[in-house]
Amino acid sequence: MVFILFAFLLQCGKESNSESTAPVEAEMRSLDMPMEKKVSTSGSRLEDTIEQPSVENQLGEVFVPILNSTERLLEYQIQLSYQTQDLIKTRKDILGFISKYGYVENSSAVNTDSPYINLRIHIKSEKLYEALMELDTYGVLLNEDISTVDHTEGMVWQKIKSNREKIRLVRRSNANNQTLANSKNWQVIEEAVTESENNLDSSEHEIWKIKDRVKWATLNVNFSTPIPADKVQIPTYKNAFVGILNLFLELTYYLIWMIPFVVIAVVLYFPLKKIYVYFKK
């Protein structure tokens, strides 16, 4: 009886353990399923974010500088290179572009096997943003170089010089008016007044040049076409026959020039031969 009771209790304990562990395992599986989903979704997202490198490594749109003319006096110097499919159409578009935004300093265009257009344009700085955005519609950007020259310090110095020369000019003019014409210092003061006037004009001119450089941005643009594939070049055989004929005509021309000299040589040959034989004997 004790043995049967012990076996019964042992069997009940196993069933109770299996029943207690089953919910725990089910709960662990339920917790693992979201983790597996998270790992799988994160892996798919990671694969989506990894993109294959583009075959055409283009720069995209041109970098547009931020214009801040209130604080700094900046002169923009920009160099751009574009590639276009139709150079003739691009040239017509550029003519309208120039008349809209500024003026051209120099231009050169060649329409051969490797056509290109080189332009040096001056554009108003206030319209530089619009001009660069429109210029991007004419071709694919290949190269860009944007630099600035800061004229703020130079402008401040020129204004200081201008104000100082104005004060000197007023002071020297007053001294000149108070000096008699026959005085010894009159000529020295007059020369000093003239020097102040010249320095003032020079300062005003430098101020105007700085304002003009800041007002107009310099833009160097190059347009080219894609490099064409190699093609079979068939020579013009007609030119070979024409060259042979020209060579034959030139030879006959020189032979005609040589006929008189040949005749003279034949005429003189026999007398000279007789004289030579006579003296030899």
Side-chain angles (χ1 to χ4, degrees), residues 48-151 208-243:
D48 294 337
T49 55
I50 298 176
E51 297 179 355
Q52 296 297 329
S54 178
V55 177
E56 296 182 358
N57 187 14
Q58 303 294 347
L59 292 177
E61 296 182 351
V62 68
F63 174 77
V64 180
I66 300 175
L67 302 178
N68 188 6
S69 58
T70 57
E71 297 181 0
R72 312 297 299 183
L73 300 175
L74 301 178
E75 175 191 357
Y76 287 94
Q77 298 178 355
I78 304 173
Q79 296 188 13
L80 302 173
S81 296
Y82 289 93
Q83 188 178 86
T84 179
Q85 299 294 333
D86 191 353
L87 198 66
I88 303 300
K89 181 180 180 300
T90 303
R91 181 178 178 275
K92 294 180 180 179
D93 295 337
I94 284 295
L95 294 177
F97 174 85
I98 294 171
S99 61
K100 182 179 178 181
Y101 292 104
Y103 66 95
V104 60
E105 180 178 340
N106 55 61
S107 173
S108 62
V110 174
N111 189 13
T112 56
D113 294 336
S114 299
Y116 64 88
I117 298 177
N118 290 329
L119 301 108
R120 183 177 178 86
I121 311 171
H122 293 278
I123 299 174
K124 289 185 178 180
S125 297
E126 58 186 12
K127 296 183 178 180
L128 182 58
Y129 178 84
E130 300 176 7
L132 293 178
M133 295 300 293
E134 181 174 342
L135 202 61
D136 269 352
T137 61
Y138 297 153
V140 179
L141 179 64
L142 299 180
N143 185 22
E144 69 173 356
D145 184 7
I146 301 176
S147 60
T148 59
V149 179
D150 193 351
H151 294 284
W208 178 87
K209 288 197 296 184
I210 291 175
K211 290 182 178 179
D212 184 71
R213 291 173 182 172
V214 173
K215 182 180 179 181
W216 297 94
T218 303
L219 184 61
N220 295 303
V221 189
N222 173 263
F223 288 95
S224 60
T225 57
I227 300 175
D230 294 337
K231 55 184 179 180
V232 178
Q233 296 181 356
I234 301 175
T236 306
Y237 293 98
K238 180 181 178 181
N239 295 335
F241 295 105
V242 173

Between Ser125 and Lys215, is there a donor-acceptor pair closer than 3.5 Å when you use the side chain of the first and the backbone of the second?
-> yes
side-chain contact (heavy atoms from CB on, under 4.5 Å) evaluation trace for Arg213 with Val149 = CA-CA 9 Å; Arg213 291 173 182 172; Val149 179; over 6 Å; no
Could you state the interatomic distance from OH (Tyr116) to CG (Asn111), rounded to the nearest 0.5 Å?
-> 11.0 Å
Matching residue for Tyr101 among Glu130, His122, Lys124 - test: side chain to side chain contact (heavy atoms under 4.5 Å, CB included) = Glu130
When rounded to the nearest 0.5 angstrom, what distance separates CD in Glu105 from CG in Leu219?
-> 11.5 Å
Show your reasoning for whether side-chain contact (heavy atoms from CB on, under 4.5 Å) applies to Leu132 and Ile123.
-> CA-CA 10 Å; Leu132 293 178; Ile123 299 174; over 6 Å; no
Out of Thr84, Asp86, Thr90, which residue meets the side chain to side chain contact (heavy atoms under 4.5 Å, CB included) rule with Ile88?
-> Asp86
Nearest 0.5 Å please: distance from the OH atom of Tyr138 over to the CG atom of Leu87.
-> 14.0 Å
Residue list, salt bridge (Lys or Arg N to Asp or Glu O under 4.0 Å) with Lys100, at least two apart or on another chain = Glu134
Starting from the C-alpha separation in whole Å, work towards a yes-or-no answer on side-chain contact (heavy atoms from CB on, under 4.5 Å) for Thr218 and Tyr76.
-> CA-CA 6 Å; Thr218 303; Tyr76 287 94; over 6 Å; no
Distance in Å, Ser81 OG paired with Glu144 CD, rounded so as to fall on 0.5 Å steps | 10.0 Å
Salt bridge (Lys or Arg N to Asp or Glu O under 4.0 Å) partners for Asp150, two or more places apart | Arg72
Report the residues that fulfil side-chain contact (heavy atoms from CB on, under 4.5 Å) with Ser99, sequence neighbours left out, ordered by chain and then residue number.
-> none
Here the gap from Ile117 atom CD1 to Ser108 atom OG, rounded to the nearest 0.5 Å, amounts to 9.0 Å
